[in-house]
Peer 1: 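Sharing a structure with you now.
Note that the coordinates shown come from a computational prediction; the quantities given were computed from them, not determined experimentally. Each residue takes its place number in the sequence, starting with 1.
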Amino acid sequence: RKSDDLVNFCSHRDECVRNGVRMGKGYKIYLSRGRICTKIGGSDYLYMEDMRMLDLRFVRENPDIVKQNIKNKFQDSKLPLVDEVIALDAESRAVKQEADALRADRNKISKQIGALMAQGKKEEAEETKKLVTEKSARLAELEAKESELTEKVTKIMMVIPNIIDPSVPLGKDDSENVELEKFGEPVVPEFDIPYHSEIMESVDGLDLDSARKVAGNGFYYLMGDIARLHSAVISYARDFMIDRGFTYCIPPFMIRSEVVTGVMSFAEMDAMMYKIEGEDLYLIGTSEHSMIGKFIDTIIPEEQLPHTLTSYSPCFRKEKGAHGIEERGVYRIHQFEKQEMIVVCTPEDSKMWFEKLWKNTVDLFRTLDIPVRTLECCSGDLADLKVKSIDVEAWSPRQKKYFEVGSCSNLGDAQARRLKIRVKGEDGEKYFAHTLNNTVVAPPRMLIAFLENNLCADGSIKIPEALRPYMGGKTEIRK
């Protein structure tokens with residue numbers, strides 16, 4: 001129910017409990033302008049989406065909620081950070097209060113100097129100057145201290161995770177993600193399916209040896225019809241999203257550090273991003289980074305939302321961590337290409353867009369005769385900025401299991417807070433937008449699913465009808 005007035009939405013706190021995160025006694029949940037909020041004292045209301053990038057006021061007043069969320073994400077090592085940031089913030093506010101009072105006092109005294117000189121009271125004026133100098137020196141100390149404390153607070157706040165959606169299942173890692181739904185019947189043919197690199201090589205479509213000589217592991221040369229298939233998939237995905245009302249965009253492939261820290265966590269940044277030596281630029285790991293960055297430090301009139309964009313880009317990733325780079329094929333590599341979709345919308349519309357986004361990916365794969373399923377990412381598998389995420393996985397007849405080909409994420413207002421992406425409502429109220437992103441397709445990994453599901457017993461590869469216009473009318477690939 002939407003209303004311009006606050007209406008009591010839920011007075012019994014247990015009705016607002018999921019995954020151990022409780023509002024606590026004395027809290028009531030309300031709707032204001034269609035947005036869930038909670039009364040935090042007097043006539044002030046804190047919108048629930050304002051939790052999404054944990055502003056200090058919320059952390060100060062609700063440390064138990066923040067700690068429980070950290071526990072739900074199995075990041076117990078971060079628990080001490082909550083009390084630490086609250087203490088640092090209290091010290092910072094005390095220093096600021098002293099500095100503000102001192103600054104006002106100094107300015108007041110400074111104004112007396114001219115009057116004293118005009119009255120011929122030179123000695124008193126000189127004494128007043130000394131007093132102003134002393135106060136200025138103390139003020140400089142306080143300002144330096146305030147700056148130091150602010151930096152410490154900011155660093156901690158950047159690693160305290162976002163509040164996850166109540167519907168997210170609890171789990172330590174991706175092994176505890178929850179299957180939601182299957183689309184299409186998984187088929188295992190009677191003949192053996194070779195490894196994907198062998199399929200590509202059988203039609204002279206892949207050269208890994210040359211790529212290793214040129215760039216090392218994690219790179220590839222796609223050749224002939226496999227290279228053409230790669231481009232066809234990207235072009236088809238582009239037109240598929242345009243037909244669904246998204247605006248096509250080719251973004252910058254490098255972004256500045258302020259955008260990097262605005263769109264991802266430090267852990268993701270360390271594991272993924274390549275830094276350009278000597279410049280404040282990073283190669284993008286996905287076009288989502290530059291697409292969301294497009295709106296940095298903007299105030300968007302509410303009537304202009306949503307912004308729905310689909311973008312093409314190459315992507316570059318270090319792939320640090322447990323999985324590392326695959327030497328044998330093109331499943332996990334340093335360089336790939338991607339068609340992406342992003343949405344910038346009002347908070348009340350983000351849930352609806354989340355459902356639409358992942359369904360776009362499922363629909364596209366089904367037009368290519370590839371069975372897929374959706375997985376709900378558990379709490380421990382969510383990156384720190386994410387509120388909720390669903391992976392789309394494609395069926396592998398060779399492995400007889402599904403593997404990830406896309407990920408749909410709702411980040412609430414976390415990215416918008418960091419990048420200062422605000423919305424101006426009809427009543428003039430400003431609030432943070434919500435941002436979402438999802439993979440349309442990301443070849444060459446996506447080609448693994450395509451090749452395995454379209455391989456014939458004679459070694460030829462079927463071209464689904466949807467892709468034939470992008471393959472010059474070809475109906476199959478064979479040597």
Peer 1: Using atom types as modelled and distance alone, determine if a side-chain donor or acceptor of S311 lies under 3.5 Å from a backbone N or O of I250.
Peer 2: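 Not confirmed, S311 side chain does not pair with I250 backbone.
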Peer 1: For residues 147-154, dump all side-chain donor-acceptor pairs below 3.5 Å to protein atoms at least two apart in sequence or in another chain.
Peer 2:
residue, atom, partner, partner atom, Å
E148, OE2, K152, NZ, 3.3
T150, OG1, E146, O, 2.8
T154, OG1, T150, O, 2.9

Peer 1: Between V214 and F219, is any pair of side-chain heavy atoms under 4.5 Å apart?
Peer 2: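 No. Closest side-chain heavy atoms not under 4.5 Å.
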Peer 1: Evaluate whether atom NZ of K135 has more than 12 neighbouring non-hydrogen atoms of other residues, nucleotides or ligands under 6.0 angstrom away.
Peer 2: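 Atom NZ in K135 is packed in, count exceeds 12.
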Peer 1: For E393, is there an ion pair with K401 - N to carboxylate O distance below 4.0 angstrom?
Peer 2: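 Looking at K401 and E393, the cut-off is not met.
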Peer 1: Answer yes when E84 and K78 have at least one side-chain N-carboxylate O distance shorter than 4.0 Å, and no when they do not.
Peer 2: no
Peer 1: Quick one: does K338's side chain get under 4.5 Å of S287's, heavy atoms only?
Peer 2: no
Peer 1: So does K386 get a backbone contact from the side chain of S409, meaning a donor-acceptor N/O pair under 3.5 Å?
Peer 2: no
Peer 1: Carefully, step by step, assess M200 and V330 under the rule side chain to side chain contact (heavy atoms under 4.5 Å, CB included).
Peer 2: CA-CA 10 Å; M200 292 180 177; V330 295; 4.0 Å; yes
Peer 1: Do F295 and I342 have side-chain heavy atoms sitting under 4.5 Å apart?
Peer 2: yes
Peer 1: Hey, is D105 close enough to R138 for a salt bridge, meaning N to O under 4.0 Å?
Peer 2: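 Not counted as a salt bridge, because no side-chain N and carboxylate O are separated by less than 4.0 Å.
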Peer 1: Does this structure show an ion pair linking D363 with R366, if we count only N-O contacts that are shorter than 4.0 Å?
Peer 2: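 Between R366 and D363 there is no salt bridge, as every charged N stays at least 4.0 Å from the carboxylate O atoms.
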Peer 1: Do the side chain of R418 and the main chain of T261 share a donor and acceptor less than 3.5 angstrom apart?
Peer 2: yes
Peer 1: Ion pair present between K213 and D209, side-chain N to carboxylate O less than 4.0 angstrom?
Peer 2: no
Peer 1: Would you say the side chain of W395 lies within less than 4.5 Å of the side chain of R373, judging by non-hydrogen atoms?
Peer 2: no
Peer 1: Quick one: do the H289 and Y282 side chains pair a donor with an acceptor below 3.5 Å?
Peer 2: no
Peer 1: Out of D391, D174, N177, which residue meets the side chain to side chain contact (heavy atoms under 4.5 Å, CB included) rule with E404?
Peer 2: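 Per the side chain to side chain contact (heavy atoms under 4.5 Å, CB included) rule, the option paired with E404 is D391, out of D391, D174, N177.
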Peer 1: Check for a donor-acceptor pair, side chain of N438 on one end and backbone N or O of L357 on the other, with a separation under 3.5 Å.
Peer 2: yes
Peer 1: Ignoring hydrogens and angles, tell me if any N or O in the side chain of K400 forms a donor-acceptor pair with the backbone of V188 under 3.5 Å.
Peer 2: no
Peer 1: For the rings on Y331 and F403, is their centre-to-centre separation under 6.0 Å?
Peer 2: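 Yes: the rings meet the under 6.0 Å criterion.
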Peer 1: Do any N or O atoms from the side chain of D280 and from the backbone of S257 form a donor-acceptor pair under 3.5 angstrom?
Peer 2: yes
Peer 1: Are a donor atom and an acceptor atom from the side chains of D64 and Q68 found within less than 3.5 Å of each other?
Peer 2: no
Peer 1: Check for a donor-acceptor pair, side chain of E319 on one end and backbone N or O of H334 on the other, with a separation under 3.5 Å.
Peer 2: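 No, the answer is negative, given that no donor and acceptor are paired below the 3.5 Å cut-off.
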Peer 1: Only one of D297, I300, I296 passes side chain to side chain contact (heavy atoms under 4.5 Å, CB included) with I421; say which it is.
Peer 2: I300
Peer 1: Using 30° and 60° as the class limits, which term best fits the ring planes of F253 and Y312: parallel, tilted or perpendicular?
Peer 2: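 Taking Y312 first and then F253, their aromatic rings stand perpendicular (interplane angle over 60°).
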Peer 1: Do D207 side-chain atoms and S210 backbone N/O form a donor-acceptor pair below 3.5 Å?
Peer 2: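 Such a contact is found between D207 side chain and S210 backbone.
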